[in-house]
J.: 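Input: one structure, supplied below.
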Amino acid sequence: MKVATWNVNSLTARWPRVDEWLRTRDVDIVLVQETKQTDAKFPFDALRDLGYDAAHYGQGQWNGVAIFSRVGLEDVTRGFGDDDPEARVIGARCGGLQVYSCYVPNGRALDDPHYQYKLSWLEKLRERLAARPSDQRIVVGGDFNVAPTDLDVYDPEAFVGATHVSEPERGAIRALLATGLVDAARQHNPDDPCYSWWDYRNGSFRRGWGLRIDLLLVDDVTAGRVIDVHVDREARKGEKPSDHAPVVVELRDEI
DNA sequence: ATGTCACAGTCCCTGTGA
């Protein structure tokens, strides 16, 4: 079974690339961020034609998260059950897994109120994950907007004082892992940076100026099923790409 | 730091967010 996370930066603008990707990658569950569309515009019918059930938590102009699954889709949850007006997390049960698609707030700047919103949002996610049953098999994917360590940053010097690398943000990611989760890409590729995002500006992709901010966090039993984790850099090339590439984990069948 | 992209409204340019 393959599970992917992909920030598509507008499903409306990206649909031709997403459609082509789904037809050629043979992925079972796709955790999608930044759909930037309402539920009314979401391509439920086109996804069904491709074999996927889908659940969307749409907002409109900004944010928006979704789950595509061809291994079942049940018990959909949207948000954290609080008063957060932004559509940033959706969960479901797919193929024996609890999955979440997360779009963590950007933070904008260390002294911006949005940064505190980011930290409090990550704490709400931690609380949700800490409350899960111990026997639950889970994949938490998304754009976390945090590079967990300096290995995940092309030039750590250039990011001193910036968001995405600050100690409170990195501490929040470690706190998610401390609920009993494994960073699948880093476990499987201890030395490969595995960047997943490159700025549209400056020719960043061509120059290799990337960050690893799109993560797949899995419970320890699921971590034992991992055959491969890779970043699909081909999806970052060509016509009208997202600024993020998909990250894909392949799991061996359960015994 | 900034060589881009996507969105909505001010609607074919501009401000905002990333």
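Residue numbering restarts at 1 for every chain, and letters A, B, ... go by the order of the sequence lines. Given the structure is predicted, the values throughout are model-derived calculations rather than measurements.
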J.: Look at the side chain of Arg14(A) and decide which nucleotide, out of dT4(B), dA6(B), dA8(B), has an atom nearest to it.
T.: dA6(B)
J.: Return whichever of Glu34(A) or Phe159(A) has its heavy-atom-nearest nucleotide of DNA chain B closer to the 5' end.
T.: Phe159(A)
J.: Nearest whole angstrom, please: distance from the P of dT16(B) to the NZ of Lys36(A).
T.: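 Roughly 16 Å, once rounded to whole Å.
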J.: What is the distance, to the nearest angstrom, from the OH atom on Tyr154(A) to the C1' atom on dT2(B)?
T.: 10 Å
J.: Between dA18(B) atom P and Asn63(A) atom CG, what is the distance in whole Å?
T.: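 Asn63(A) atom CG is separated from dA18(B) atom P by 7 Å.
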J.: Using atom C1' in both nucleotides, what's the gap between dA6(B) and dC11(B) to the nearest angstrom?
T.: 15 Å
J.: Report the distance from atom CG of Asn7(A) to atom C1' of dA18(B), rounded to the nearest whole Å.
T.: 9 Å
J.: Can you tell me, in whole Å, how much space there is between the C1' of dT10(B) and that of dT4(B)?
T.: 22 Å
J.: Side chain of Arg108(A) only, please: which of dA18(B), dT16(B), dA8(B) is the nearest?
T.: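 In terms of side-chain proximity for Arg108(A), the closest of dA18(B), dT16(B), dA8(B) is dA18(B).
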J.: Rounding to a whole Å, what distance do you find between Trp209(A):CH2 and dT4(B):C1'?
T.: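 Roughly 14 Å, once rounded to whole Å.
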J.: For the pair made of NE2 in His164(A) and C1' in dG17(B), what is the distance, rounded to whole Å?
T.: 12 Å
J.: Please state how far atom CD in Gln61(A) lies from atom P in dA18(B), giving the value in whole angstrom units.
T.: 11 Å
J.: Between C1' on dT16(B) and NE2 on His114(A), what's the gap in Å once rounded to a whole number?
T.: 12 Å
J.: Quick check: do Phe80(A) and Val89(A) have side-chain heavy atoms less than 4.5 Å from each other?
T.: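 Of all side-chain heavy-atom pairs linking Val89(A) with Phe80(A), at least one is under 4.5 Å.
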J.: Quick one: do Arg132(A) and Asp219(A) make a salt bridge, cutoff under 4.0 Å?
T.: no
J.: Remember a base hit wins even if backbone is also touched, and classify Tyr103(A) as base, sugar-phosphate or nothing at under 4.0 Å, heavy atoms.
T.: sugar-phosphate
J.: Answer with yes or no whether the side chains of Asp28(A) and Tyr52(A) bring together a donor and an acceptor at under 3.5 Å.
T.: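 No.
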J.: Just compare dA18(B), dA1(B), dC5(B) and give me whichever is closest to any side-chain atom of Tyr200(A).
T.: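 Of the options given, the side chain of Tyr200(A) lies nearest dC5(B).
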J.: Among dT2(B), dA6(B), dA18(B), which nucleotide sits nearest the side chain of Ser10(A)?
T.: dA6(B)
J.: Describe the nucleic acid contact of Arg206(A) in one word from base, sugar-phosphate, nothing, applying a heavy-atom distance below 4.0 Å.
T.: base
J.: Would you tell me if any nitrogen or oxygen in the side chain of Lys240(A) comes within less than 4.0 Å of OP1 or OP2 on dA6(B)?
T.: yes
J.: Mark yes when over 12 heavy atoms from residues, nucleotides or ligands other than Lys124(A) sit less than 6.0 Å from its NZ; otherwise mark no.
T.: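 Yes.
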J.: How about Phe44(A) and Phe68(A): are their ring centroids closer than 6.0 Å?
T.: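 No; Phe68(A) has its ring centre 6.0 Å or more from that of Phe44(A).
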J.: Taking the minimum atom-to-atom distance to the side chain of Asn106(A), which one of dA18(B), dC7(B), dA6(B) wins?
T.: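 Within the option list, the nearest is dA18(B).
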J.: Can you check the distance between dT2(B) and dG9(B), where both ends of the measurement are the P atom (answer in whole Å)?
T.: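 Here dT2(B) and dG9(B) have their P atoms 31 Å from each other.
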